[in-house]
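For reference, the structure discussed in these notes is given below.
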Amino acid sequence: MDEYGLYLHIPFCQHRCAYCDFNTYAGLEHLITEYVEALCREVKYLSAYTQDQIFVRTIFFGGGTPSLLPEQQVEKILANIHDRFVVSAAAEITLEANPGTVNLAYLRNLSSLGINRLSFGMQSAHFAELQMLERTHGNVDVVNGVQWARMAGIENINLDLMFGLPDQSVETWEKSLRMACKLEPSHFSLYALTLEHGTPMQAWVARGLMSKPDSDVAAEMYELGSEFMQTHGYQQYEISNWAKWEEGKGLLSCQHNLQYWRNLAYLGLGAGAHGYANNMRVANVLAPAQYISKMSLSNERRNPADVPQDFPKTPATSNINPVNKETEMGETMMMGLRLVQEGVSQETFFNRFGVALVDVYGPEIKILLQQGLLEWQGDILRLTAHGRLLGNQVFLKFI
Ligand code: SF4
């Protein structure tokens with residue numbers, strides 16, 4: 001029985017940040033009501049389109065800025081999911097929030113609807129860095145957001161921080177880390193800035209209006225961040241992610257993202273969302289208006305004979321990539337090696353594919369072991385500390 005992660009994409013932002021290349025749009029908030037209606041239709045469509053029940057172990061509202069959704073819309077989406085899918089009683093239900101878009105009453109309502117994890121895009125504790133990124137919040141909004149989340153009963157909190165910014169110094173990075181750690185969230189994601197094609201920030205750097213991020217400094221910041229996390233009680237479990245260990249609960253890692261890293265099934269609903277199930281990777285149309293229009297044509301009633309081949313395709317699907325066994329093995333390696341402790345177990349690999357890991361990737365593994373990028377820990381193959389800095393070089397060997 002597959003247990004799914006459910007990703008819901010909310011493609012609305014108040015303002016587009018200078019570095020962002022996500023599928024999100026400013027000034028389209030007037031579409032929210034119709035968009036939520038379309039999401040609910042996609043939930044219904046997926047549940048009607050499989051002969052099996054859909055078991056859900058995680059739900060993730062990502063964006064964009066999901067905290068722009070009024071409580072009533074979050075309630076409507078969750079009610080549809082609970083009506084159509086079998087949601088585990090212990091499901092992790094995360095909502096990404098921009099600091100400055102939430103207040104105590106809103107978070108109390110989310111908590112009562114079952115949201116039990118919040119992810120705040122803090123990015124930096126420095127006003128000048130936040131301005132450069134064109135973020136619309138200040139540090140006080142992060143402090144308030146975390147405090148209100150706790151008052152609302154949501155203890156599982158992630159903070160995103162960014163490093164490798166133009167003109168960011170190691171000192172300002174350390175100060176951001178220190179101020180973020182003072183808030184004692186259960187989880188941290190530390191991301192290096194990448195200059196994405198077509199973003200304002202990439203154009204400013206290309207025109208010499210902003211200095212180019214220095215990859216050596218970014219590597220130094222990553223190492224500093226790793227050490228800082230460790231000395232403040234956070235365990236690294238993925239290249240960019242750290243979590244606290246809590247008695248009785250274990251490591252407070254992001255269960256939804258673990259579904260991706262373990263290369264397990266998930267359904268992606270909403271504009272531009274990706275899904276992986278039934279040996280297919282699927283992606284939806286990008287534009288919210290097009291998504292709404294595609295889903296408005298959906299009809300739940302269909303020929304049951306069609307069912308097994310097409311799931312998880314919906315009327316909003318624009319891309320389908322079949323995944324054969326060879327691709328699945330390569331993706332399992334690429335994503336599993338991101339998990340710096342768990343790595344890829346020989347036993348799990350054999351149980352999944354019926355073939356030994358070393359029989360498939362013996363030569364690649366041998367080279368990476370010699371280069372000091374991979375190591376064996378008993379049955380587990382994983383990145384070395386050096387390999388964590390050169391992850392992309394390692395992953396390329398498996399595709
Ligand atoms: S808030 Fe997040 S999703 Fe929205 S524009 Fe900024 S970086 Fe992109």
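Whatever order the structure lists them in is the order used to number ligands and atoms, beginning at 1.
The protein non-hydrogen atom at the shortest distance from atom 5 (S) of ligand 1 is Cys17 N, 3.3 Å. Atom 3 (S) of ligand 1 has Gly64 N, 3.3 Å as its closest protein atom, hydrogens excluded (heavy atom only). From the protein, the heavy atom lying nearest to atom 7 (S) of ligand 1 is Tyr19 OH, 3.4 Å. When only non-hydrogen protein atoms are considered, atom 1 (S) of ligand 1 lies nearest to Asn98 ND2, 3.1 Å.
The closest approach between a heavy atom of His15 and any atom of ligand 1 is below 4.0 Å. Between Gly121 and ligand 1 there is no heavy-atom distance shorter than 4.0 Å.
Between the side chains of Arg135 and Tyr19, at least one donor-acceptor pair of N or O atoms lies under 3.5 Å. Checking Thr58 against Gln259 by side-chain atom types alone, no donor-acceptor pair falls below 3.5 Å.
Of all atoms in ligand 1, numbered sequentially from 1 with element shown, those under 4.0 Å from a heavy atom of Arg135 are 1 (S), 2 (Fe), 6 (Fe), 7 (S). Here is the list of ligand 1 atoms found below 4.0 Å of a heavy atom in Phe22: 3 (S), 8 (Fe).
Here Tyr260 and Tyr266 bring their ring centres to under 6.0 angstrom of each other. The six-membered or imidazole ring of Phe12 lies near that of Tyr35, with a centre-to-centre distance under 6.0 Å. Aromatic pair His9/Tyr291: centroids not less than 6.0 angstrom apart. The aromatic ring centres of Phe188 and Tyr234 sit less than 6.0 Å apart.
At a 4.0 Å heavy-atom cut-off, ligand 1 touches Cys13 through the side chain alone.
Because the distance cut-off is set at 2.8 Å, Cys20 fails to qualify as a neighbour of atom 6 (Fe) of ligand 1, as none of its N, O or S atoms comes that close.
Annotation for Cys181 and Met229: closest pair SG-CE, 4.0 Å, computed over non-hydrogen atoms.
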